[in-house]
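First comes the structure, then the notes that go with it.
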Amino acid sequence: MLSHAEEDAMSTNHYDPEREAELKAEAEKYIPPGYDPDLYKIRHSAAHIMAQAVMERFPGARIAIGPPVKDGFYYDFELPRSPTEEDLAWIEQRMKEIIKGKHRFHVREVSVEEARELFEDQPYKLELIEGLAQGQYDEYGNKLPEDQRPKITVYQHDTFVDLCRGPHVEHTGQIKANAIKVMRVAGAYWRGDEKNPMLTRIYGTAWRNRVELEQYLKRLEEAKKRDHRRLGKDLAIFAIEPQMVGPGLVLWQPNGAVIRDQLERFLKEEQIRRGYQPVYTPHIAKVDLFKTSGHYPYYKDSMFPPMVVDENEEYLLKPMNCPFHIMIYKQHLRSYRDLPIRFAEFGTVYRFEQSGEVSGMTRVRGFTQDDAHLFCRPDQLEDEFKSVVELTLKVFRSLGLTDFRARVGVRDPESDKYVGSDDVWEQATQAILNALNDYDFDYTVEEGEAAFYGPKLDFVVNDVLGREWQLGTVQVDYNLPQRFDLTYIGDDNQPHRPVMIHRAPFGSMERFVGILIEHLNGAFPPWLAPVQVVLIPIADRHVEYARSVAARLFAQDIRVKVDESASRMNAKIRAAQMQKIPYMLIVGDKEIEHEAVAVRLRSGEDLGAMPVGEFEAKVRQLVAERTMDLW
RNA sequence: GCCACCGUAGCUCAGUCGGUAGAGCAGCUCACUCGUAAUGAGCAGGUCGUCGGUUCGAGUCCGACCGGUGGCUCCA
């Protein structure tokens, strides 16, 4: 093993500790806001160490990039073959050895020429160097602002030299060998473009110490238990039969149907109050409808193939509801006095998602949007938009989903997949941004996240595995009214073009319920719980009384069951707990005597005996209020 | 669609060297009649994802396909 002095000497021909300190200090600015600086450096350095180990295991491997990510890091390689479990174990072991060598990380600035020379066998690095040389891209291939010309720096530890902007730990010994783990391999396209070759991405994780690593692994285990696919099965909420029914096609079991129905009722009430009119439309329509809307040419690939009735008659499963609602709008001549018109429908749509993408309830091929389309005059747009945002916020908050992210999706200027003129897009985007000024939640503006007909405001929530899902969405659309030639007659007796808002507070019932399952860990509030109350008779002689109490509650629209199984009381309680039923009513001799029930909450709290009427009134009240509270 | 891994009872999983499939839970039956998270005994339950190949013989080895999981790309 080399001494530090020897490494220092070897690392560069002109080792300059002062310059190095400067560069390292400068590199600190690359730590993203909100990312723990220590962990960032540990993970970034661990990525280099892993790359060294991989190069030793696969001599001649090509290296791409290796940044820290949430909870860990990865490095992308082009390898002669796919790594096996043994390879990964070897790499992890070797990483631990390198760490124990306490090799120092050295940095120096190099010229473009020297960088090209250093990485002459590394085509991906050369590509990055060219980007740096032109001053347009940083070493991760991200575009840089005009005024920012990057330095080219290389970091070295032990035998491994990498084009890298840093920052890193001082020496490998600052990483704990028992706090790192090689996690898994995945494919990833070079620079995220599917036209490029697919590289092998190796994910790893690194923490400050062993305890933190263990806590992280524990957290992953816990997350799996909360996974809506797991809970959806355990709690009989939904099912998917890929072989018989099809991938991404959801079967709502009775429990799931209760949850969905309650959510739908909630939203319908809110919508009626806000002047929405329910409509119903078919699941299929002629191709012509989607040609007019613009779906057909742009999104043909993500629709199920057409049903051909005969040569001139083809039908498509609808991927969206809007064209149908537009056709309803067109049934009459509309006056400016009629607007806004708001058509609402829980409309089921079908989209042929890529096979690698369907997942549980969150990414499916058939789903029901809580859709509505608002047709309004331009002067009404802002108020309508805000009213929709407020409805969405109300829906989220009343379900405890406060941890959302707001995203304004605008066009990707380099893509041609959008319909409509530039100024119309600009107009729509401004309308959204203006309206948002009045709210206190933060939002980000992201290119390429728009709908094909207009920009949108999305409410994005994480699942238990940290993946983001778009739930509620509000979209401003000047394009479809034009394509369908929608008009209303203004006070000047002339036809005018209405503006449309597409909106879905839940997004889709499938995805929303999937995410809700995870957020609530399957423990639904009383108003949503598939079974609200279970009667637990202590012995067989108490069954009859339990039934009579159940009948009384049932008559008050409370969803109630009697556990008449031959199990002991403790087993019945356990079963009810595992089904996350909010209320367990234990009835024995004492309760029968006093027309009472002994109330146990899902939380484990024992409220003792109370008159049936008292319990009934309390539950009815909690359900009517649609509160998250158990008692 | 691409890369990797995976597919055995309703669920979670075991199955050695290729010799003809097993446990726990759930279910059913019986006994027990119990006071706040698992009573006991018995019974039943499988075309080992599908198709093909190798072999005297395949859950096990090989191939194709279908599907799932994690990523990537995509996402109206």
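Below, read A as the first sequence line, B as the second, and so on, with proteins coming before strands; counting in each chain starts at 1. Quantities reported herein were computed from a predicted structural model and do not represent experimental measurements.
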**Asked** Within the pair Arg541(A) and rC34(B), is there a side-chain N or O less than 4.0 Å away from OP1 or OP2?
**Response** yes
Against the side chain of Ser359(A), the closest entry in rU69(B), rU36(B), rG35(B) is rU69(B)
Counting neighbours of NZ on Lys330(A) that are heavy atoms of other residues, nucleotides or ligands and sit closer than 6.0 Å, is the number greater than 12? yes
Writing each nucleotide of RNA chain B 5' to 3' as (, ), [, ], | or . by Watson-Crick or G-U pairing under 3.5 Å yields (((((((..((((.....[..)))).(((((.......))))).....(((((..]....))))))))))))....
Review point. Is it true that the NZ or CZ of Arg184(A) lies under 6.0 Å from the centre of Tyr203(A)'s six-membered ring and within 45 degrees of the ring axis?
Key: yes
In whole angstroms, the gap separating C1' of rC6(B) from CZ of Arg184(A) amounts to 15 Å
> Is Arg547(A) salt-bridged to Glu544(A), cutoff N-O under 4.0 Å?
Replying inline: no
(request) Determine the contact category for Glu78(A): base if any of its heavy atoms lies under 4.0 Å from a base atom, sugar-phosphate if only primed atoms, P, OP1 or OP2 are that close, otherwise nothing. (result) nothing
Residues at least two apart in sequence or cross-chain that pass ring pair (Phe, Tyr, Trp, His ring centres under 6.0 Å) with Phe324(A), listed by chain then number, are none
Ranking rU36(B), rG1(B), rC74(B) by distance to the side chain of Arg363(A), first place goes to rC74(B)
key: Face-on cation placement of Arg201(A) at Tyr75(A) ring, 6.0 Å and 45° thresholds   = no
Scanning both residues in full, the closest heavy-atom pair of Tyr124(A) with Pro197(A) reads OH-CG, 3.9 Å
Val358(A) near the nucleic acid: base, sugar-phosphate alone, or nothing, with a heavy-atom cut-off under 4.0 Å?
sugar-phosphate
- Touch class at under 4.0 angstrom, heavy-atom based, for Ala539(A) against every strand present: base
- Could you tell me whether the phosphate oxygens of rU36(B), OP1 or OP2, come under 4.0 Å of any side-chain nitrogen or oxygen in Arg574(A)? no
Side-chain contact check for Arg568(A): nearest option of rG35(B), rU39(B), rG71(B) is rU39(B)
Here the residues of residues 445-459 of chain A within 4.0 Å heavy-atom distance, strictly under, of RNA chain B are Ala450(A), Ala451(A), Phe452(A)
Identify every side-chain donor-acceptor pair in residues 234-243 of chain A under 3.5 Å, counting partners at least two apart or on other chains, and give the distances.
residue, atom, partner, partner atom, Å
Asp234(A), OD1, Arg230(A), NH2, 3.0
Asp234(A), OD2, Arg230(A), NE, 3.2

Checking rA38(B), rG68(B), rG71(B) against the side chain of Met198(A) (C-beta onward), the nearest is rG71(B)
Scoring nucleotides 44-51 of chain B by protein non-hydrogen atoms under 4.0 Å (B base, S sugar-phosphate only, - none) yields --------
Against the side chain of Gln354(A), the closest entry in rC74(B), rG35(B), rC72(B) is rC74(B)
request  = Could you tell me whether the phosphate oxygens of rG1(B), OP1 or OP2, come under 4.0 Å of any side-chain nitrogen or oxygen in Ser355(A)?
outcome  = yes
**OP:** Using a heavy-atom cut-off of under 4.0 Å over every strand shown, decide if Asn570(A) touches base, sugar-phosphate, or nothing.
**Re:** sugar-phosphate
Item to complete: Dump the intermediate steps for ring-ring contact (aromatic ring centres under 6.0 Å, His included) on Phe304(A) and Phe352(A), then the final yes or no.
Response: CA-CA 5 Å; Phe304(A) 279 87; Phe352(A) 194 78; 5.2 Å; yes
inquiry  = Just to be sure I understand the rule, does Tyr74(A) reach a base, reach only the sugar-phosphate, or reach nothing, if contact means heavy atoms closer than 4.0 Å?
reply    = nothing
query: Is Ser82(A) near enough to rA4(B) that one of its side-chain N or O atoms lies under 4.0 angstrom from OP1 or OP2?
result: yes
Item to complete: Using a heavy-atom cut-off of under 4.0 Å over every strand shown, decide if Ile536(A) touches base, sugar-phosphate, or nothing.
Response: nothing
*Mind telling me whether Phe615(A) and Trp631(A) have parallel, tilted or perpendicular rings, with 30° and 60° as the class edges?*
parallel
query: Which part of the nucleic acid does Arg467(A) contact within heavy-atom distance under 4.0 Å: base, sugar-phosphate only, or nothing?
result: sugar-phosphate
task: Using the six-membered ring of Trp190(A), assess whether NZ or CZ of Arg62(A) lies under 6.0 Å from its centre and within 45 degrees of the ring axis.
output: no
Numerically ordered, the residues 221-242 of chain A set in heavy-atom contact under 4.0 Å with RNA chain B is Arg229(A), Arg230(A), Pro242(A)
